[in-house]
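Structure record follows, encoded as structure tokens.
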2 protein chains.
Amino acid sequence: MNTDGNNAAGTIGATKTSFGIVEHIRDHDASGVSEIANDLGISKSTAHNHLKTLAELGYVVRQGDEYALGLKFLDLGDHARTRHALYHASIGEMDDLVEAVGERGQVMVEENGRGVYIYQVKSEQGLQTDSHIGTTVDLHTTSVGKSYLAFCDEERRNEILDGELTRLTTKTIDDRDALEAELATIRERGYAFNDEERITGMRAVGAPILSDDETILGSISVSGPTTRMKGEWYHTEVPEMVTQAARVIGIRATYS
Amino acid sequence: MNTDGNNAAGTIGATKTSFGIVEHIRDHDASGVSEIANDLGISKSTAHNHLKTLAELGYVVRQGDEYALGLKFLDLGDHARTRHALYHASIGEMDDLVEAVGERGQVMVEENGRGVYIYQVKSEQGLQTDSHIGTTVDLHTTSVGKSYLAFCDEERRNEILDGELTRLTTKTIDDRDALEAELATIRERGYAFNDEERITGMRAVGAPILSDDETILGSISVSGPTTRMKGEWYHTEVPEMVTQAARVIGIRATYS
DNA sequence: GCGTTTCGTTCGGGTGGGCCGAACGAACGT
DNA sequence: ACGTTCGTTCGGCCCACCCGAACGAAACGC
């Protein structure tokens, strides 16, 4: 009765269902049994059994008559990012960078062909956007992502850029050749701009974090509205500060 | 062939196995198929199938010939704590508090009878301890936990303190009556001390975060070594600052 | 106050798939 | 070149996952 057919052989259906439920709860903040059963196309009793199991394990908690995500995921998430040397190396330095620039800063690593923010520092002028810790983004639409693409292996880059380049704004670079040209420029000067390529009205400056053996660990950026990110400040001073911070973080990451 | 027997009726075994694998990876940073199969008492092929499924979902990633936790957990963990109004309310204020006191600060909420740190601010004098984001602690062994116990419903307190009170140091309050007396004191003066009750050589000052309708949302604390946490500073000045911060956070949490 | 709806939960029964053991292939290290 | 150990694949058995139906509780409207 499943409409799928996308079952790779030798995979566990129950696990997929459990995580499907978890993700449903994540996307709705909290969910009830019937709602989940309807949305996922499973029976109420099945949804109930999964939730009972997840609750017993501590991964979901009851909130009145609904279920919410348990804080055990916080522990898992922390372990996941602690693996990355870049995380420890960037913490203090990013705070300094954000203070100096006065705009939001973020640290990104690549996973499964997408960029994941593992650390984020808010600036004084708190500007709400949709990016949180753990948010994933298309690499070609951000300054952090382009920094990464510019400095990773060509082989890996081809794997990542294999498919269609999604277009998020009118300025998104969705042509592969144009993107390669942009990456060459970034590779040459050592940092990347983002001029409203992901969100209209937002600009950013990013730079790669390189280990001492030239392998790329991830990248960092600061981002703010076009009203403040402009002129000499945006084109030379901020890039100077970002690349300097990236150098320091790279060094700290290699000696950890 | 399972040695357990602890299967509550109507729960999904495959889900338990999958999360068992995830937790094994967490505890070992990275694990291989055979290692997991041995430690969990399952066959290699079963472990393989679970890992294949988890990898397909993006919750584990291959690292050479081992598996590590994927950053998808970071997203889930962030959503789990974002549910708590206390998290947003405490961010800026805790940083200020830590700067003023000069010692590490943490924010705790209760889940399943244990305390979970959802935010932590390191101080200048970086002191390494074993507590991270997502760490769980016994409530009766910390200043945050005792603050919570002192101000939550009596009914809830009885549920939580039902079992044995684990003893972590010679100073841990492991007697129920003594603990109740301590809680009464805390309730009266509005804040809690921790004098080497969890880790020898560490002291802390904690205070509850109360919503305007007197319900408790969690608690905060600052903690440092006994060499610095002493005298008038520890006994009156720090408590003053902690309770003041707690008041502000409580107000911010109710109007969010 | 009573019908109505919708919630979460429990209960069996059927069968699909999860689990295992054995075999295979590759990568080391000696 | 050998032995060991890794990850992976392949069949088959039988258990447990999934479902549908029935139950109990709570919240609604008339």
Side-chain angles (χ1 to χ4, degrees), chain A residues 1-25 27-70 112, chain B residues 1-25 27-70 112:
Chain A
M1 208 49 50
N2 276 334
T3 58
D4 48 18
N6 57 356
N7 283 349
T11 56
I12 314 293
T15 297
K16 292 186 182 180
T17 303
S18 276
F19 277 102
I21 289 174
V22 166
E23 291 176 7
H24 185 280
I25 295 173
D27 296 337
H28 294 74
D29 277 355
S31 312
V33 173
S34 298
E35 182 190 351
I36 290 173
N38 282 333
D39 291 356
L40 298 188
I42 57 179
S43 72
K44 265 197 304 179
S45 52
T46 299
H48 174 72
N49 286 338
H50 279 271
L51 285 167
K52 189 174 181 180
T53 307
L54 290 168
E56 185 184 316
L57 294 173
Y59 289 101
V60 305
V61 291
R62 303 205 52 133
Q63 258 198 163
D65 55 350
E66 292 191 317
Y67 291 89
L69 292 184
N112 295 322
Chain B
M1 204 50 50
N2 274 336
T3 58
D4 47 19
N6 57 357
N7 284 348
T11 56
I12 314 293
T15 298
K16 291 185 181 180
T17 303
S18 276
F19 276 102
I21 290 174
V22 166
E23 291 176 6
H24 185 280
I25 296 173
D27 296 337
H28 295 72
D29 277 355
S31 311
V33 173
S34 299
E35 183 189 351
I36 290 173
N38 282 333
D39 291 356
L40 297 190
I42 58 179
S43 71
K44 268 198 302 180
S45 53
T46 299
H48 174 71
N49 285 338
H50 278 271
L51 285 167
K52 189 174 181 179
T53 307
L54 290 168
E56 186 185 315
L57 295 174
Y59 288 101
V60 303
V61 291
R62 302 205 55 133
Q63 257 199 165
D65 55 350
E66 292 191 317
Y67 291 89
L69 292 185
N112 295 322

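By convention in this document, chain letters (A, B, ...) are assigned in the order of the sequence lines, proteins followed by strands, and residues within each chain are numbered from 1. Both backbone and side-chain heavy atoms feed into the values below; hydrogens, waters and symmetry mates do not.
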What is the distance, to the nearest angstrom, from the CG atom on B:Leu40 to the C1' atom on C:dC20?
15 Å
Base, backbone or nothing for each nucleotide of nucleotides 3-12 of chain D, written B, S, -, heavy atoms under 4.0 angstrom, 5' to 3'?
---SBBB---
Applying ring-ring contact (aromatic ring centres under 6.0 Å, His included), run through A:Phe19 and B:Phe19 and close with a yes or a no.
CA-CA 10 Å; A:Phe19 277 102; B:Phe19 276 102; 5.1 Å; yes
For nucleotides 12-15 of chain C, tabulate all protein N/O to nucleotide N/O atom pairs closer than 3.5 Å, reporting atom names and distance.
none

Does the side chain of A:Thr46 get closer than 4.0 angstrom to OP1 or OP2 of D:dC18 through an N or O atom?
no
Send over the distance from B:Lys16 NZ to C:dG18 P, rounded to a whole Å.
17 Å
d(A:Glu23 CD, A:Leu69 CG) to nearest 0.5 Å is 10.0 Å
Closest non-hydrogen atom pair, B:Ser18 against B:Leu54:
O-CD1, 4.0 Å
Going by distance alone, is a donor N or O of one side chain under 3.5 Å from an acceptor N or O of the other, for A:Ser31 and A:His24?
yes
Flag the pair A:Leu51 / A:Ile36 as yes when at least one side-chain heavy-atom distance between them is below 4.5 Å, and no otherwise.
yes
For B:Ile21 and C:dC19, what is the distance between atoms CD1 and P respectively, to the nearest whole Å?
9 Å
Roughly how far, to the nearest 0.5 Å, is OG1 of B:Thr11 from NE2 of A:His48?
10.5 Å
Rounded off to whole Å, could you give me the CD1-to-C1' distance for the A:Ile36 and D:dC18 pair?
16 Å
Find the distance B:Ile42:CD1 to C:dC20:P and express it as a whole number of Å.
6 Å
May I ask you to verify if any side-chain N or O of A:His50 is less than 4.0 angstrom from the OP1 or OP2 atom of D:dC18?
yes
To the nearest Å, how far apart are B:Ile12 CD1 and C:dG18 P?
11 Å
Under 3.5 Å, is there a donor-acceptor pair between the side chain of B:Thr53 and the main chain of A:Ile12?
yes
When you compare the side chain of A:Val33 with that of A:Tyr67, does any pair of heavy atoms fall below 4.5 Å?
yes
Is there a side-chain contact between B:Glu66 and B:His28 (heavy atoms, below 4.5 Å)?
no
